[in-house]
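First comes the structure, then the notes that go with it.
The chains referred to below are lettered A, B, ... by the order of the sequence lines, with proteins before strands, and numbering in each begins at 1. We use all heavy atoms of the structure for the numbers below, so side chains are in, but hydrogens, waters and symmetry mates are not.
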2 protein chains.
Amino acid sequence: MTKYEKIAEDVQSKIEQGEYKPNEQIPLVTEMCDTYGVSKITVKKAMDLLVLRGLIVKRRGAGSFVKNIEIGALQSFPEMSSQLSGFSADYANTPVRVTSVVHDFSIVSPSEKVADKLKITSGDFVYQICRTRLADGVPKVIEYTYMPIDVIPGLKKEDVEASIYHHIEKELGLTVYSAHRTVRAVMPTVLEKERLSLEDHIPLLEVEQVAFLKDGRIFEYSTTRHAGNTYEFYSISVRENA
Amino acid sequence: MTKYEKIAEDVQSKIEQGEYKPNEQIPLVTEMCDTYGVSKITVKKAMDLLVLRGLIVKRRGAGSFVKNIEIGALQSFPEMSSQLSGFSADYANTPVRVTSVVHDFSIVSPSEKVADKLKITSGDFVYQICRTRLADGVPKVIEYTYMPIDVIPGLKKEDVEASIYHHIEKELGLTVYSAHRTVRAVMPTVLEKERLSLEDHIPLLEVEQVAFLKDGRIFEYSTTRHAGNTYEFYSISVRENA
DNA sequence: AAGTGGTCTAGACCACTTC
DNA sequence: AAGTGGTCTAGACCACTTC
């Protein structure tokens, strides 16, 4: 772990512990340089991370301050906002038991749309996966996933039943890097309504995603449809020239 | 504009113009130092901006590469993802005419929930605004907005009929800094269905937002409900230790 | 006028990829 | 072994806020 990551963690934990309270000023850059024994630019880089996480605001000429937000929400918030680790990880630190019903796990030639999203040709093969994910037995979301078999080799039924991200990061040693998402409100199909055990007239939150590995390759095109009354999508936007 | 902003703009425009193509390597950091006559860390800062915008990936030991994405989508994408400028700005560079129907513009004591979101007491007053926004006469979204009158003084009916953000940034000289958002799928109420001229069984995308000024003050709590078939929410997530 | 954070440099050293 | 980007420093100078 780098120095700036350590400093960011330390300050974040002090905010979470209530040592630095909402609206309160945090120590000056120069003080932190002394405290942590680093240069100014390293402190700045650490604090920039906390700005991106939505925890502090910096005001040139005045100092840096804890944002006036729900501290209780912090534990989940920063993680939710990047959301690069999949459904299983959302519940990793909870007692909730995650299971999957696999409706489809096959290798097919991609449709034109899927090939276009994955930036492959229709001659390449892809995994086609459809799963319902359940939390403590309650269906939460239906996932439609496509992954090039060249990029994610060796995917097995067991992985699909458990966690695909585990296979990618732990078995293959690849790193999930970024995701481009589009979110919309939709109505379920008859089949989805049944699979999610939905009442009438419950909308779904659809998240369409193209996901990239650290080496720049696209490894996934997926559409997830979340039962509207049980899922929220979080996002923190910050001016670039913060 | 700073050096790193200029460099980021230059490289981004070269990507948009197709001079640097998807999957192609962009010039080395050392080359860019020569090209732009700056130090390494300035080039790095510029390229970090493009990483956050989802345009490039950087690979230590190998170089930096244009992401394999739709270049055509770029014009809208980076702006959409920060979305800090309101509905009017979304259409600022288009020929679309934005209008508003103001259903409510009053000053009230906030409910407990609103006071909590705005971090004020129920003794403070807030503007309570409900508007339907239309693009070329077609209703697109209903906004429910609350703003403390102390933070945004002098808001008038004309501002609410035109652009509130214009009043905030141009009249008051304040800067919108960041927003924390929660997105869900919901069904319209009977009234919303009428105001948005919706067919039966069309869901809405609800965006609940707490927005901050550069000086750290919360200036807005709003809920916007977008007609589901006409609105998409974009988001780019990137690993922090990119 | 004093104090804050922001930008930028030149350069040392390091982690990682590629060959 | 050679080449890539990443981290970090010490310090100069600047933009902005506060008094």
Item to complete: Go through the steps to decide whether A:Thr2 and A:Glu5 satisfy the test side chain to side chain donor-acceptor pair (under 3.5 Å), and finish with yes or no.
Response: CA-CA 5 Å; A:Thr2 60; A:Glu5 284 172 325; 3.2 Å; yes

Fill in: Side chain of B:Arg59 (C-beta onward), nearest among C:dT18, C:dG5, D:dC8
C:dT18

Item to complete: Flag this pair as yes if the NZ/CZ of B:Lys67 is under 6.0 angstrom from the six-membered ring centre of A:Phe212 and inside a 45 degree cone about the axis; otherwise no.
Response: yes

Discussion item. Distance check needed: D:dT4 C1' versus B:Ile26 CD1, whole Å only.
Written reply: 13 Å

Worksheet item: Out of C:dA15, D:dT9, C:dC8, which has the shortest distance to the side chain of B:Thr42?
Response: C:dC8

Discussion item. Quick check for you: among D:dG5, D:dT18, C:dC8, whose closest atom lies nearest to any side-chain atom of B:Ser64?
Written reply: D:dG5

Practice prompt. Would you mind classifying the nucleic acid contact of B:Lys40 as base, sugar-phosphate or nothing, using non-hydrogen atoms under 4.0 angstrom?
Written response: base

Fill in: Upstream residue (5' side of DNA chain C) when A:Gly63 and B:Gly37 are each assigned their closest nucleotide
A:Gly63

Practice prompt. On DNA chain D, check which nucleotide each of B:Pro27 and A:Glu5 is closest to and give me the residue with the more 5' one.
Written response: B:Pro27

Worksheet item: Can you tell me the Watson-Crick or wobble partner of D:dT7, both distances under 3.5 angstrom?
Response: C:dA12

Item to complete: For C:dT18, give its Watson-Crick or G-U wobble partner with both distances under 3.5 Å, or none.
Response: D:dA1

Worksheet item: Want to settle it: does A:Gly61 or B:Thr30 sit nearer the 5' end of DNA chain D, counting the closest nucleotide to each?
Response: B:Thr30

Worksheet entry | Over 12 non-hydrogen atoms of neighbours within 6.0 angstrom of CD in B:Glu24 | yes

Discussion item. Using whole Å, what does the distance between atom P of nucleotide C:dG5 and atom CD1 of A:Ile56 come to?
Written reply: 10 Å

Worksheet entry | Nearest-angstrom distance from the residue atom CZ of B:Arg217 to P of D:dT17 | 12 Å

Fill in: Interatomic distance where CG belongs to B:Asp48 and C1' belongs to C:dG6 [whole Å]
16 Å

Worksheet item: How long is the line joining CG of A:Leu213 and P of C:dC16, in whole Å?
Response: 18 Å

Item to complete: Nearest whole angstrom, please: distance from the C1' of C:dC16 to the CZ of B:Phe65.
Response: 13 Å

Worksheet entry | Whole-Å gap separating P (C:dC16) and NZ (B:Lys44) | 15 Å

Item to complete: Measure from the side chain of B:Ile41, starting at C-beta and using heavy atoms only, and say which of D:dT7, C:dC8, D:dC8 lies closest.
Response: D:dC8

Practice prompt. Please determine if a side-chain N or O atom of A:Lys45 lies less than 4.0 Å away from the OP1 or OP2 oxygen of D:dG6.
Written response: no

Worksheet entry | Atom-to-atom span, CE of A:Met32 to P of D:dT9 - whole angstrom | 15 Å

Discussion item. Please pick, from D:dC8, C:dT7, C:dC16, the nucleotide with the shortest atom-to-atom distance to any side-chain atom of B:Arg60.
Written reply: C:dC16

Discussion item. When you compare the side chain of A:Arg239 with that of B:Thr175, does any pair of heavy atoms fall below 4.5 Å?
Written reply: yes

Item to complete: May I ask you to test the A:Val29-A:Lys44 pair for a side-chain heavy-atom distance under 4.5 Å?
Response: no

Worksheet entry | Cation-aromatic face contact B:Lys45/B:Tyr4, 6.0 Å, 45 degrees | yes

Item to complete: Check whether any side-chain nitrogen or oxygen of A:Tyr4 sits under 4.0 Å from OP1 or OP2 of D:dT7, and answer yes or no.
Response: yes

Discussion item. Nearest to the B:Leu28 side chain among C:dT18, D:dG5, D:dC16, which nucleotide is it?
Written reply: D:dG5

